[in-house]
Structure formats: structure tokens, C-alpha cells
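In what follows, a single structure is set out as C-alpha cells and then discussed.
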Protein chains: 2
Amino acid sequence: MKEGPDIARVAALLGDPARSNMLTALMSGRALTAAELAQEAGVTPQTASSHLAKLEAGQIVIPRKQGRHRYFTLSGPDIVEALEVLMGIASRVGHNRVRTGPRDPALRKARVCYDHLAGEMGVALFSGLEARKLISTDHNGVALTDAGTDFAEAFGINLNELRTSRRPLCRECLDWSARQSHLAGSFGAALLDRFYDLGWAHRNMESRVVIFSPEGERNFKALCDS
Amino acid sequence: MKEGPDIARVAALLGDPARSNMLTALMSGRALTAAELAQEAGVTPQTASSHLAKLEAGQIVIPRKQGRHRYFTLSGPDIVEALEVLMGIASRVGHNRVRTGPRDPALRKARVCYDHLAGEMGVALFSGLEARKLISTDHNGVALTDAGTDFAEAFGINLNELRTSRRPLCRECLDWSARQSHLAGSFGAALLDRFYDLGWAHRNMESRVVIFSPEGERNFKALCDS
DNA sequence: TTCATAGTTCGATGTTAATCGAAGCATTAA
DNA sequence: TTAATGCTTCGATTAACATCGAACTATGAA
């Protein structure tokens, strides 16, 4: 046995698909509950609990108890750094886990990331809302501004209803295709729902692609630019 | 299955002790043969071959055939970066794999890191050379200054000979025990060789410890401080 | 109290993969 | 050619671990 830091032990902790999904979900800096992380990883709560125990023992994440929830955060910025470097390597060597057409242009343009909009249009939405000062970002995460609150109500989104859920209103989500942030959280999901309701877009079941109608895309652009 | 770069696949490749030993051995920038890597990892040639095939398939290392040897190198600087970040995390959270005297003072003071000096004296050498402006560090890495070139020649190091190798002259190497940089690269190796030749120090075979004689240590201190 | 939710522990199952002995190629030297 | 070296492939064994159903604990709500 050699001396030195045990790289393998840390890397092995990041080397399981379920755990790496959890950790990338935590990259936004927001604390997430065990159940949320289980859903992100696509495993049952029991399995997630086992993984989280390992990550906790390895000091990759730190838990914080609050009521009957356990919120997890990454144990430090070095973890984010590691994940980012590994992402870079993975995309350099072409290790993507996309099955259905990795270079599918429609997928890159607009797709569903669980329940919110991702892809180029997702990134455009995020930066558009930020430029219009409807959302603000700082080290705590993303938040809806006062102007953003007014906008949401005018756009037909019932914020009070969203606030009843434990889920955060706004969350940043790193976009793998554009390498920038797009908007997640219940507000992000509500926006996409509203796009559907207004007839701006509809989902292509069979895939994650979101298809915008011509006038829908015009309206969307106006929303981002104005 | 989620979209995005497959972190887990890359991390899993780094997450095996045998493989991580091989990869850290390659961090020096030197190409090593399969047999050498097997010895570094402490496994049989068959096992090493299996690991190297995996690393090659994952594009973590690239092989180069030469005669009846196969030389391996890391596939890019991003791999080194990843290993260094993981090293930092591992030592932060106290994951060390030291069995034989983790706090062996001699080992912490001065030891061989492949072919150059590491430990407290290695770090002192690095910061001493930097303070004397014999080496300079910036975001591109470490480089020998003009004054450093003069110093090297005066110290009895043939730089022209070193430059013929593909190996970088100066490289930073993160020291796990001191958590600071020490000097690697062919110049770092040449310096240690020169310490041996001058009788300042000798290696304790059996271990990685480097033992300085009293006057050798005095001279070394003068070299770092003046 | 009773009920529901969040999370964990236990136990069983199935899969993956690390390991090495033995044999097989490939290259070099005599 | 024969012999030796470097490395790989094959096959079998073993150990680790990810997964989930079922049961259990803890907190909060009615």
C-alpha cells in the first residue's frame, strides 16, 4: 500500500450513477431533501438512503436536519470543482449518457428537464429573465424579484399556490448542452406549464423534445428580450 | 437515464485503487510501461493489462507502442487536474491510505515523489526558488527564469540535456503532507540528483525517505534562503 | 390518540468487476 | 531456429455492492 491521499476512495464515491446524479443535482448550491435526491437519481428512497449514508461517511455531503426532513448540501466548493472537471473530461472523451440522438438539434434547442425547460431556449429564458431583473442571482441561489412577482401574476401564474409546496420556487440547473444555467424550481415548472396552456408549445411524447409553434416562439422571444 | 456528460463513468474509472495508483504514477508526465504500472499498482501484469484496457477504452490514458513495450501517458492535462482536485478532497476529509507510519516524521520531512523531492523540504525548495525569483509561477504553470537558468548551470545541471526530453522542465506537484506545491518536472528531478551527487543527501532504499546529512541540510537551507 | 409523511435499517437477490493462474501472441536476441 | 521478454486473452473464483421489499423509527398533523 502506498502513502498519500486516497483518491480512489473519493472517486469511487462519485463513480456510481445514482450518486453522481444526486451530486450534480446539488451543484446548484441548494439544499435538497433525501426524497428529492432519490427522485433525481431515479432510485427508491431506501437505495437513496444507503447512498447518502456513504456520501455522508465520506464527507462529500453534509446533512442538516430540519423538522422531519434531512437537507443535504455538498461539503465544499472542491466537490463542485471535481464534478466540473469530471464533466469536462466526460464530454471531451464523448461519454454522454444520451441515448436518443445526442446531437439531435431539436433536443439541444428545447427539451424538458424533468418538468422545466432546458436547452438553448431554457438558457435564453434564464438570461432573459435575469436581464429584465425579474429574477436575481447571488451566492444564495436564484430568487424572484418584486418585479418578477408582478410579472408572474400578470402571466397567469398563481405564486401563492406554488409557495404552499416545500419545493423551492427558483432553482438553477446546469445545462449540459449549453453549459449555462437554466431555470428550475416550481416557478420554472409553472412557466413551462403556462407555455403549454397558452398554446406556445407542446411536448413530443416519445422524447424530451419541446416543440414551439411559430407564434409561440415569437411570443417567447418577446418575453425574453423585452 | 438522464442526459448530460456521464460523470459516473469517468469517476468509476478513477475509483479503483489499482487504477488510481497507476494514474498517480503517470502524473509525473513520464510515459511508463505496462509492467512498471503493474508494479506501481501492486498487481500482477494480467490484472494491470485489464485495467489499462479499461483506461484506454475510457480515453483516460493513451498507449504508444515502442518495440515490445507499451508506454502509457495520461490523455490530457484535464486528467491531472482531476487527480489533483481529488487528492485535495481526499486529504481534506482525511482519507489517507498510509499504513506504515502515517506520521513517520522522516517521511513527512523529505521523501521521493517518483524522482523529485517532496515533503517539507520539497515545499521549502519550491518556495525558496520562487522567493529568489529563480522560478516563476503563473496560470500557465511554473517556468525557469533567466536567473534560474544561470543558477542551474552554475549548480551543475545541464539544461540543454534536459530540454531534449519531451518531459516538461518544471511542473507543480501538490504535496499531500504539506498541502502545498513542490517542484516536479525534469528540473526538479535533476535537482534531487544533484543533491545526491554533491553528497548532501542519500536515499533510504526500503522506503521513500530521503536522508540529508547535517552539512547537506545546511547547504540546502542556504540554497533556499539566500 | 390516530394517521400520514420522511427517512432508516434489515435481509435477500442479482450483478458487476477485480483478481490471478495458465496459456497464447508478439517482438527481440542469440 | 530456439529462447526470453512483454503483454494480452481466457476462465474461474471471489468479493463487493447496488437494488428494493418489508418492517421500523421519528416527526408533524388532525
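Labels below follow one simple rule: chain letters A, B, ... track the order of the sequence lines, proteins then strands, and each chain is numbered from 1.
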Rounded to the nearest angstrom, tell me the gap between atom CG in B:Leu13 and atom C1' in C:dA18. 14 Å

Whole-Å distance between C:dG7 P and A:Glu36 CD? 8 Å

Interatomic distance where CD belongs to A:Gln39 and P belongs to C:dA6 [whole Å]: 12 Å

The side chain to side chain donor-acceptor pair (under 3.5 Å) partners of A:Asn158 (sequence neighbours excluded) come to none

Do B:Asp197 and B:Arg194 touch side chain to side chain, with heavy atoms closer than 4.5 Å? yes

What is the distance from CG of A:Leu37 to C1' of C:dA6, rounded to the nearest Å? 13 Å

Going by side chain to side chain donor-acceptor pair (under 3.5 Å), name the residues that satisfy it together with B:Gln39, two or more places apart in sequence or in a different chain. none

Report the distance from atom CZ of B:Phe72 to atom C1' of D:dT8, rounded to the nearest whole Å. 11 Å

Grab the N/O contacts between the protein and nucleotides 27-30 of chain D below 3.5 Å, and write none if there aren't any.
| residue | atom | partner | partner atom | Å |
| --- | --- | --- | --- | --- |
| D:dT27 | O2 | A:Arg68 | NH1 | 3.1 |

Rounded off to whole Å, could you give me the CG-to-P distance for the B:Leu52 and C:dT19 pair? 12 Å

Among all residues two or more places apart in sequence or in another chain, which pass the side chain to side chain donor-acceptor pair (under 3.5 Å) test with B:Asp193? none

Length of the line joining B:Leu14:CG and C:dA18:P, which is rounded to integer Å: 13 Å

List the atom pairs, with distances to 0.1 Å, where a side-chain N or O of residues 47-58 of chain A and a protein N or O form a donor-acceptor pair under 3.5 Å, not counting sequence neighbours.
| residue | atom | partner | partner atom | Å |
| --- | --- | --- | --- | --- |
| A:Thr47 | OG1 | A:Thr44 | OG1 | 3.0 |
| A:His51 | ND1 | A:Arg19 | NH1 | 3.0 |
| A:Glu56 | OE1 | A:Arg70 | NH2 | 2.9 |

May I have the distance from B:His69 (atom NE2) to C:dT28 (atom C1'), rounded to whole angstrom? 10 Å

Residues forming a ring pair (Phe, Tyr, Trp, His ring centres under 6.0 Å) with A:Phe155, sequence neighbours excluded: A:Phe151, A:Trp200

Just jot down the ring pair (Phe, Tyr, Trp, His ring centres under 6.0 Å) partners of A:Phe220, sequence neighbours excluded, or say none. A:Phe195, A:Phe212

For nucleotides 11-21 of chain D, give me one character per nucleotide, 5' to 3': B if any protein heavy atom sits under 4.0 Å from the base, S if the only such contacts are to the sugar-phosphate, - if neither. -------SBBB

With a 4.5 Å limit on heavy-atom distance, are the side chains of B:Leu169 and B:Leu162 in contact? yes

Across all chains, not counting sequence neighbours, the side chain to side chain donor-acceptor pair (under 3.5 Å) partners of A:Arg132 are A:Ser226

